[in-house]
Amino acid sequence: MSAPRFAGQTVIVTGAGSGIGKATVVRLASEGAKVVAADIVANRLAELSAEHPSLDIITVAGDITKDDDIAAIVAAAEGQVQGLANVAGVMDSFQPAHEIDWKQWDFVLAVNLTATAKLMAAVLPGMLEAGAGSIVNVASEAGLRGSAAGAAYTSSKHAVIGLSKNSAVMYGKKGIRVNVVAPGAVQTNIEAEFASALAGEVLGPFMRVVVPGVAQPEELAASIAWLLSDDASNVNGVVLPNDGGWSAV
């Protein structure tokens, strides 16, 4: 039998305490990776470790909007990082532009976009030195269309795609691949409310008819693992919808 796909590799996964992030940690570690699992909720990480004692998982509780916590996450790898999965994210409350809660706007962009960029910036120097690396950023159907969320979340996920495509171009010839997974509806603990009557009027009926169904986190983890792996060695700068066909509608 061949060696596991991620044998000898260290991969950082954010949002690791639940949902897609947790499923990604388990998938990568099961395939031989040492995984640095980061999440803001410490007890979720404790549960993750307890559930999978045989896997090589290093947990780091931290807030990815804080530079010191990002540094601690990267330091926990104790050496070269071969992969990064930026999974952590927060939702908005479906407000359109004229109803934006600016405190929420700042928070959504800080988590979904700025932290993603800062984590990339933290691991890229080592990847450049090694001449190899793979990064997967999690966007959303809201990064592909304007009808899946509010203005803040939609803006953040469109920007994640732009950041990823620019980075794919910048680093592709240096042996570093940057790709995106765009989930549709997924069974996670992320909650969102229609805090806008306009959003409920415009998007509510549309989403009830068009959204094809709810995926399990493990289905997203499979796509993330593939893009991180050498199986996708010729794949760079792509946005892979994992959405049950929502993007085809």
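The first residue in the sequence is number 1, and the count goes up from there. Reckoned from all heavy atoms, side chains included, excluding hydrogens, waters and symmetry mates.
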Visitor: Determine which pairs satisfy side chain to side chain donor-acceptor pair (under 3.5 Å) with at least one residue from residues 149-161, sequence neighbours left out, and list them in order.
Guide: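 Every side chain to side chain donor-acceptor pair (under 3.5 Å) pair that includes a residue of residues 149-161, provided the two are not neighbours, is N112-S156.
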Visitor: Quick one: name the residues clustered hydrophobically with V180, using the 4.5 Å side-chain heavy-atom rule over I, L, V, M, F, W, Y, and just say none if it's on its own.
Guide: L144, I161, V239
Visitor: Answer yes or no: is there a donor N or O on one side and an acceptor on the other, between the side chain of T14 and the main chain of V87, under 3.5 Å?
Guide: yes
Visitor: Does L55 form a side-chain contact (heavy atoms from CB on, under 4.5 Å) with S30? I'd like the steps, not just the answer.
Guide: CA-CA 7 Å; L55 299 181; S30 297; 3.8 Å; yes
Visitor: Please list all pairs passing the side chain to side chain donor-acceptor pair (under 3.5 Å) test where one or both residues lie in residues 233-249, with sequence neighbours left out.
Guide: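 Every side chain to side chain donor-acceptor pair (under 3.5 Å) pair that includes a residue of residues 233-249, provided the two are not neighbours, is S223-N242, D243-S247.
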Visitor: Scan residues 93-117 for pairs that pass salt bridge (Lys or Arg N to Asp or Glu O under 4.0 Å), counting only residues two or more places apart or in two chains.
Guide: none
Visitor: Any side-chain to backbone donor/acceptor pair from S93 onto Q95? Under 3.5 Å, distance only.
Guide: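 Such a contact is absent between S93 side chain and Q95 backbone.
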Visitor: Any donor and acceptor pair, going by atom type alone, linking the side chain of R5 with main-chain N or O of L228 inside 3.5 Å?
Guide: no
Visitor: Among I58, V36, I135, I70, find the residue that satisfies the side-chain contact (heavy atoms from CB on, under 4.5 Å) test when tested with I12.
Guide: V36
Visitor: Is there a path from V60 to V74 through hydrophobic residues (I, L, V, M, F, W, Y) whose side chains come within less than 4.5 Å of each other?
Guide: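 Yes, because V60 and V74 connect within a single hydrophobic cluster, where side-chain heavy atoms sit under 4.5 Å apart.
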Visitor: Do you know the tightest heavy-atom contact between L48 and A16?
Guide: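 It is CD2-O, 3.7 Å.
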Visitor: What residues form a side-chain contact (heavy atoms from CB on, under 4.5 Å) with E47, not counting sequence neighbours?
Guide: E51
Visitor: So, using salt bridge (charged side-chain N to carboxylate O under 4.0 Å, His left out) as the criterion, who are the partners of K165 when residues are at least two apart?
Guide: none
Visitor: Which heavy atom in F6 sits nearest to a heavy atom in S229, and how many Å separate them?
Guide: CZ-CB, 3.6 Å
Visitor: Please name all residues satisfying side-chain contact (heavy atoms from CB on, under 4.5 Å) with A152, sequence neighbours left out, ordered by chain then number.
Guide: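 Partners of A152 under the side-chain contact (heavy atoms from CB on, under 4.5 Å) test: D92, W105, V108.
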Visitor: Quick one: side chains of residues 209-217, donor-acceptor pairs under 3.5 Å with protein atoms, not counting sequence neighbours, listed by atom name and distance.
Guide:
none

Visitor: What is the minimum heavy-atom distance between Q82 and G8, and which atoms define it?
Guide: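 Taking every non-hydrogen atom into account, OE1-O, 4.1 Å.
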Visitor: Check salt bridge (charged side-chain N to carboxylate O under 4.0 Å, His left out) between D56 and all other residues, then give those that pass, not counting sequence neighbours.
Guide: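 Expected list: none.
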Visitor: Check salt bridge (charged side-chain N to carboxylate O under 4.0 Å, His left out) between E78 and all other residues, then give those that pass, not counting sequence neighbours.
Guide: none
Visitor: Residues in side chain to side chain donor-acceptor pair (under 3.5 Å) with N137, at least two apart?
Guide: N86, S164
Visitor: State which residues pass salt bridge (charged side-chain N to carboxylate O under 4.0 Å, His left out) with R27; sequence neighbours excluded, sorted by chain then number.
Guide: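 Expected list: E31.
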